[in-house]
2 protein chains.
Amino acid sequence: MTIGVRHDDLRRKNRAMVIAAVRRAGQPSRTEIAAVTGLSNSTISTIAADLIEEGILAEVRSGETIAAKRGRPQVALGLNPRAATVVSVVLSLNSLSASLIDYSGRAIAHDISRPPTLTMNEGDLVEAVTASVRRLLARVQPEHGPLLRMTLAVQGITDSDARKLLWSPITPHSDIAFADALEAIFTIPVTVENDCNMIAVALRSRAPERYSDNFFTILLSNGIGMGLVLRGELFTGSHSSGGEFGHMVHIPDGAQCRCGRRGCIEAYAGNYAILRHARGESERAQPAADIDDATMLALAAAARDHEGREREAFQKAGEAIGFGLGSLFALFDPAPVAIVGLGTSAFDVIEPAMRDAISRTAGGQHNAAISFDLEPDEMPLIRDGCARQALAHVDLEIFAAGVLTTTIAGKEVA
Amino acid sequence: MTIGVRHDDLRRKNRAMVIAAVRRAGQPSRTEIAAVTGLSNSTISTIAADLIEEGILAEVRSGETIAAKRGRPQVALGLNPRAATVVSVVLSLNSLSASLIDYSGRAIAHDISRPPTLTMNEGDLVEAVTASVRRLLARVQPEHGPLLRMTLAVQGITDSDARKLLWSPITPHSDIAFADALEAIFTIPVTVENDCNMIAVALRSRAPERYSDNFFTILLSNGIGMGLVLRGELFTGSHSSGGEFGHMVHIPDGAQCRCGRRGCIEAYAGNYAILRHARGESERAQPAADIDDATMLALAAAARDHEGREREAFQKAGEAIGFGLGSLFALFDPAPVAIVGLGTSAFDVIEPAMRDAISRTAGGQHNAAISFDLEPDEMPLIRDGCARQALAHVDLEIFAAGVLTTTIAGKEVA
DNA sequence: TTCTTTTTTTCGAGGCTCGAAAAAAAGAGC
DNA sequence: GCTCTTTTTTTCGAGCCTCGAAAAAAAGAA
């Protein structure tokens, strides 16, 4: 059952809230934080003083703060960029990108490489990641904060502890224990996350007014991925990474899907499915593993240009996604949807069929009110979401706990 | 954003936790509560003393507590049945049942009537409910606790505040403001809840070891209802009552559904759909509004007895439910499922087709591990869930807040 | 009757938040 | 340039809350 609230939890939670308020608002004053959190000025003052002394926050005295009002001017509080650093690694098909992020969320350095993920063996894949992170760290001056967290985003399914990659389209191998391997080398906590989930995290922090309570992010690429946020929290299922929108059933016993089953949404809306249909191949034809962007852009151009199999293929894709979303809306009520990835470049061809499908479902009653945000480039979102996720862990698990205070009270001088 | 934790919230939360622990465990001792909640013995002792003084808990000195061990015997704590009463009302097709429940969850009295809901006008429907509650209360001796809450369960869709019935198959009228009407008369807070959600609440309290984190309850009757519990909390969508499993899309542009759209799961698995198929009617035939139990039992018997359209109809139903569950499992990972209602009487005919369908979906990999609980009679579950829901409100909003203590501290003697 | 054992209560210490008051840091007015 | 006003931030004492240790209570065991 729920565990009791102990006395020290109180301070920990309120510290976390102050940090979160600063992260969200940018550079709020103590008074603003008090207003937002509902705590008293004196409490915020005390907590802020602690956090500043611990080097987590810093007073920002930029020349132009706000309109010079009468009265004592507000002192803006900001995250101290040197309080910590985190590493955000994005591993995708034939592509690997590691970034060092400071505590305020700014990128310090990147390391980008293009390992042939489909043909590498398991050990080499892990080695590629560690080598990339090593290069990244070697290049950095020591004046940045201590490295406290690493998050790895991969397409595919992870275990519920976010420690292993159970299955991924980028490699034939399964059950790769990335977190263990990386933790052993870099001696900091590591988690392995699904890429679409990280996109959702990024969108929430970028546009909280739109993406807050319930929303979906859908990644259109060779496969169809989904990030699912319910009640403001990432839903990742009870066993694996959940949210397998692409493998909801569209047509029972329908087209052959990459997953081995038939009729999944992905088997109509994934790049391979669109290509297959455009080429006039059978619905049972074996899915292609990797389709380059140029091919898909050419298909989209052809679909836009004239009637024919290409246009039909995108319409089928739109229909599959539309019925899928309709089912989601039946379950969760209409919620904001973000469509991410190269597939957005063909969205004008996809959208009419998609909306038509939605309007034929239970979610369709709000069809007009449903709007789709398009984000063509998923990479920056994934990287950003990864960083946010890692920073959130640092905030909650390390800085909110107030290690320094505890140590002083527990062992050292009074 | 999340609001700060204030000092008095602490006591309120811990009081709520003690009450919850007693409600869950039955008659735990103070020591057991301390162990379960992680709070110290002294804290539990203080809180328990307060709650006893306020008449919320009571020491239970039944002769046979537990095996007489050495040492000071544990004193069992129980909910004081007279601390409060709540009313649980279940309104379904041509049937209305109101129950008075004491604070310990035991039913004190019932009032059962059979109003013709399909033909009544809106005002009469509200009047039927108030009259039933009035009869119920009139019959009760005054020695029971004060009436503090009422919950009304109805099939259909409610608004997000649980105050109105937006749509229901039991009446042609819509937007019925039950909560306002009842609150005006009985001067206690009232909420209107979906029946399947209340089934989920009941199951969680009856078998928490099975139904805790994520689970689904599916009600098979003329329509198909669902209760959805995610992360231990009822999910009710952002706008309406959500969880419209029956209106997820099974076959795009398929059979005519009662909701006016086509291809919904319900259009294959609802009683009217099964009857329609068994009679050899077209998939486009208008759904029947009310089918009596005997007809459905006869269909099930026929299906069990010999091959033919009846059996085929139930198989189609199983397939629709199976693919729907497969999609759910793709989204949420496999989770316990409870099948409720008269439809369970035909479950032996439905199950093979259902399992076969699930095994052809992404959720199918765990097919063997998926077990279905059957609960033929939904009424006691709905009634019980309603009562639990009302009691939970009393626990959290009234008793945990400690009105008495506040009053004393705020205005009266010290 | 005395000793053990276990549960429950009591009591003082230490933390935390709050409100009120004080201090600080500006602009406004003359 | 000085004083007044306004707003933000800090300080301080009061009041709760939880905790651990010790005491009290309530049995069975010897």
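A, B, ... follow the sequence lines: proteins, then strands. Residue 1 opens every chain. Just the heavy atoms: all of them, side chains too, but no hydrogens, waters or symmetry mates, feed the values below.
When rounded to the nearest whole Å, the span between CZ of Arg30(B) and P of dA24(D) equals 19 Å. Nucleotide dA25(D) holds its C1' atom 14 Å from the CD atom of Gln74(B), rounded to whole Å. Glu59(A) has its CD atom 13 Å from the C1' atom of dA24(C), to the nearest Å. Between Asp9(A) atom CG and dT17(C) atom C1' the separation is 15 Å, expressed in whole Å. In this entry the distance linking CG of Asp8(B) with P of dG15(D) reads 15 Å, nearest Å. Remark: P of dG15(D) and CZ of Arg6(B) are 18 Å apart, rounded to the nearest angstrom. Taking atom NE2 on His7(A) and atom P on dT18(D), their separation rounds to 7 Å, with Å as the unit.
Pair assignment for dA22(C) gives dT9(D), based on Watson-Crick or G-U wobble hydrogen-bonding distances that are each under 3.5 Å.
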Derivation and outcome, side chain to side chain contact (heavy atoms under 4.5 Å, CB included), residues Glu32(B) and Ser29(B): CA-CA 5 Å; Glu32(B) 283 166 18; Ser29(B) 70; 3.6 Å; yes
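OP1 or OP2 of dC18(C) sits under 4.0 Å from a side-chain N or O of Ser40(A).
In this structure the side chain of Arg206(A) reaches within 4.5 angstrom of the side chain of Leu381(A), judged on heavy atoms.
Distance alone, capped at 3.5 Å, places no donor-acceptor pair between the Arg149(B) side chain and the Leu391(B) backbone.
Below the 3.5 angstrom threshold, one finds a donor paired with an acceptor across the side chain of Arg72(B) and the base of dT7(C).
Nucleic acid contact class of Ser45(B) (heavy atoms, under 4.0 Å, all strands): base. Nucleic acid contact for Ser42(B): base, since at least one base atom lies under 4.0 Å from a heavy atom of the residue.
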